[in-house]
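See below for the structure under consideration.
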Amino acid sequence: EDAVVVLAQGRVVASGSRDATRAAVREVSGTARTIDTAGGAILPGLVDVHVHVNALADAAGVLHAGATSIRSGTSNFYQDVAMRPLATWKPGAVPRMRAAGVFVTPDLGDTVLADPDLAPLASLAGGVRSPEALTYLVRVNLSRDVDVVKTRANPRAGVATQDPLELVYDRTQLEAVVRAARRGGAGVLCHAYSAEGCHGAVAAGIRSLEHGVFVSEETLELMVRRGTFFTPTLGPILGLADDPDPILAQRGRDYGPVLRAAVLRAHELGIPVVAGTDTFGTATRPIGSEVRLIGETGVPALDALRGATTTAARLLGWQGRVGRLTPGHLADLVVLDGNPLDDLTAMERVQLVVAQGVVARDDLAA
């Protein structure tokens, strides 16, 4: 109540009550822009830890929906690596970003054109499957200065012709990916659905499990011991139930209750659950909707919100920089119409976005 946040030179200078921030307000008086957020809730900029941005329009849509920091879930041709510096050179244009480069997957398709060094992989009859080929692909990614590496244990659930419970990479193959990534200082996020795929990925040493629908109790307990994060991407998986394709709709109906239960159980065990929308292109899923869905599994509202702020910042290695509105943190914030601790649907009513100290969206002025 009666809150004031002061941003200057790309940082949070002060936050708190009107009395507590009076000196900081006086310091910038006459030069700062004042935005009246009466009736709204001021939050740190939100973090989407699983999103695909292949163009500037994709990134802008994610930013305007409230995600001021993101972790790329791979791009087709290293667009995420190219966009990453824009947060410094053109503040307010794109979210702050952890880049993943290209997908470590058996069939690279046209992505083999992303770098001439990928050309040798095109000659492999069985695709990128051997430990040597997997290590080579990770090294190419690292040479492009990626922050993280993305791989898979299973095919996609959102493609009717694919079986998301089939095993693509086993534990031994995933261990080769993790070892190569660690040598370059990068963590691994792994797309997995089946119980076997989830367990192999966690046992291999991944940093975060993506999707994880049929993750077993045994694997969840291993995640506790390993400190593995869980990104359930509830929005796209639950959304399959409304797909016009009957195969995908049935998957949504079958997978939804299982994934909801897995999220709540993970939270009960103390596994850090983080918010990722798995957005592709300009069909943006607001990060706030993922927070709401996490809360609807039974996770307390504050913990759901942490999944897109402090807990997500920890996964990205940005604790102390993003996820809080305290002095010294970066000047990223959102204003919501309503208090999400009372009603998590407020997370989807974004009115203002400030990214890298620049107003990127302002519905309050309308």
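In what follows, every heavy atom counts, from backbone to side chain, and hydrogens, waters and symmetry copies are set aside.
Annotation: salt bridge (Lys or Arg N to Asp or Glu O under 4.0 Å) contacts involving residues 308-318, sequence neighbours excluded, are absent. Each ring-ring contact (aromatic ring centres under 6.0 Å, His included) pair with one or both residues in residues 133-156, not counting sequence neighbours, would appear here, but there are none. Applying the ring-ring contact (aromatic ring centres under 6.0 Å, His included) test to pairs two or more places apart or on separate chains, those with a residue in residues 269-321 are His52-Phe280. Legend: ring-ring contact (aromatic ring centres under 6.0 Å, His included) pairs involving residues 53-106, not counting sequence neighbours: none detected.
Considering only heavy atoms from C-beta on, Met97 stays 4.5 Å or farther from Leu86 through its side chain. Side chains of Arg207 and Thr228 form no contact here, defined as non-hydrogen atoms less than 4.5 Å apart. Side chains of Leu269 and Arg265 form a contact here, defined as non-hydrogen atoms less than 4.5 Å apart.
Listed for the Arg251 side chain is a donor-acceptor partner under 3.5 Å among the backbone atoms of Val159. Here the side chain of Asn141 pairs no donor or acceptor atom with the backbone of Val146 at under 3.5 angstrom. A donor-acceptor distance shorter than 3.5 angstrom exists from the side chain of Gln356 to the backbone of Val94, with no hydrogens or angles considered. Judged by distance alone, the side chain of Asp48 and the main-chain N or O of Ile287 form no donor-acceptor pair under 3.5 Å. No donor-acceptor pair closer than 3.5 Å links the side chain of Asp117 to the backbone N or O of Val140. Of the possible donor and acceptor atoms, none in the side chain of Thr311 sits under 3.5 Å from a partner among the backbone N and O of Pro272. In this structure a side-chain-to-backbone donor-acceptor pair under 3.5 Å is missing from Asp337 to Arg349. The main-chain N or O of Val299 is never found under 3.5 Å from a side-chain atom of Asp303 such that the two would form a donor-acceptor pair. In terms of modelled atom types and a separation under 3.5 Å, the side chain of Arg361 and the main chain of Val350 share a donor-acceptor contact. Ser194 places a side-chain N or O within 3.5 Å of a backbone atom of Gly197 that can act as its donor or acceptor partner.
Side chain to side chain, Ser208 and Arg71 meet the donor-acceptor criterion of an N or O pair below 3.5 Å.
In this structure, Arg96 CZ and Thr88 OG1 are separated by 7.5 Å, a value rounded to the nearest 0.5 Å. Atom-to-atom distance recorded for Ser72:OG and Gln79:CD is 9.0 Å, nearest 0.5 angstrom. The CG atom of Leu142 lies 12.0 Å from the CZ atom of Arg144; values are rounded to the nearest 0.5 Å. With values rounded to the nearest 0.5 angstrom, Thr310 atom OG1 is found 10.0 Å from Gln319 atom CD. A distance of 9.0 Å separates CG of Leu121 from CG of Leu134, quoted to the nearest 0.5 Å. In this structure, NE2 in His211 is found 4.5 Å from NE2 in His191, a value given to the nearest 0.5 Å.
Using a 4.0 Å cut-off between charged nitrogen and carboxylate oxygen, Asp278 and Arg156 do not count as a salt-bridge pair. We find that Glu290 and Arg285 are not joined by a salt bridge, their nearest charged nitrogen and carboxylate oxygen being 4.0 Å or further apart.
A chain of hydrophobic side-chain contacts below 4.5 Å, direct or via other Ile, Leu, Val, Met, Phe, Trp or Tyr residues, connects Val112 to Val149. A continuous path of hydrophobic side-chain contacts links Leu137 to Ile206 [ILVMFWY only; heavy atoms under 4.5 Å]. In this structure, Val291 is not a member of the same hydrophobic cluster as Leu325, with clusters built from ILVMFWY side-chain heavy atoms closer than 4.5 Å. Hydrophobic clustering (ILVMFWY, side-chain heavy atoms < 4.5 Å, transitive): Val273 and Phe214 are in one cluster. Transitive grouping of hydrophobic side chains (ILVMFWY, heavy atoms separated by less than 4.5 Å) keeps Leu222 and Leu167 in distinct clusters.
Among all heavy-atom pairs drawn from Ala355 and Leu63, the shortest one is CB-CD1, 3.6 Å. Pairing each heavy atom of Val322 with each of Ser69, the nearest pair is CG1-OG, 3.8 Å. Between Ala312 and Gly307 the shortest heavy-atom distance is CB-O, 3.4 Å. The two residues Ala14 and Thr21 make their nearest non-hydrogen contact at CB-CG2, 4.1 Å. Taking all atoms of both residues into account, the shortest heavy-atom contact from Val104 to Tyr169 is O-CE1, 3.5 Å. Between Arg260 and Leu238, the closest heavy-atom pair is NH2-CD1, 3.5 Å.
For Arg98, the salt bridge (charged side-chain N to carboxylate O under 4.0 Å, His left out) partners two or more places apart in sequence, or in a different chain, are Asp147.
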key: Verdict with reasoning, Val12 to Leu7, per side-chain contact (heavy atoms from CB on, under 4.5 Å)   = CA-CA 5 Å; Val12 177; Leu7 310 175; 3.8 Å; yes

task = Evaluate the criterion side-chain hydrogen bond (donor to acceptor under 3.5 Å, both in side chains) for residue pair Glu210 and Thr231; output intermediate values, then yes/no.
result = CA-CA 5 Å; Glu210 312 299 298; Thr231 314; 3.1 Å; yes

key: Pair Asp343-Thr345, side-chain hydrogen bond (donor to acceptor under 3.5 Å, both in side chains): steps then yes or no   = CA-CA 5 Å; Asp343 176 10; Thr345 66; 2.7 Å; yes

key: Derivation and outcome, side-chain contact (heavy atoms from CB on, under 4.5 Å), residues Val359 and Ile35   = CA-CA 10 Å; Val359 175; Ile35 301 175; 4.0 Å; yes

key: Step-by-step side-chain contact (heavy atoms from CB on, under 4.5 Å) determination, Ile237 to Tyr193   = CA-CA 11 Å; Ile237 294 173; Tyr193 287 95; 4.0 Å; yes

task = Dump the intermediate steps for side-chain contact (heavy atoms from CB on, under 4.5 Å) on Leu46 and Thr309, then the final yes or no.
result = CA-CA 6 Å; Leu46 303 175; Thr309 52; 3.9 Å; yes

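Arg18 CZ: 12 or fewer foreign heavy atoms inside a 6.0 Å radius. Within a 6.0 Å sphere centred on CD of Glu296, other residues, nucleotides and ligands contribute more than 12 heavy atoms. Within a 6.0 Å sphere centred on CG of Asp107, other residues, nucleotides and ligands contribute 12 heavy atoms or fewer. A 6.0 Å sphere centred on CG of Asp110 holds no more than 12 heavy atoms belonging to other residues, nucleotides or ligands. Within 6.0 Å of CD in Glu221 there are more than 12 heavy atoms belonging to other residues, nucleotides or ligands.
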For residues 172-180, tabulate all N or O donor-acceptor pairs below 3.5 Å that involve a side-chain atom, not counting sequence neighbours.
residue	atom	partner	partner atom	Å
Gln173	OE1	Asp170	N	2.8
Gln173	NE2	Arg129	O	3.0
Glu175	OE2	Arg171	NE	3.0

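Results of the side-chain contact (heavy atoms from CB on, under 4.5 Å) test with Pro232 over Thr297, Val263, Val215, Val213 single out Val263 as the only residue that passes.
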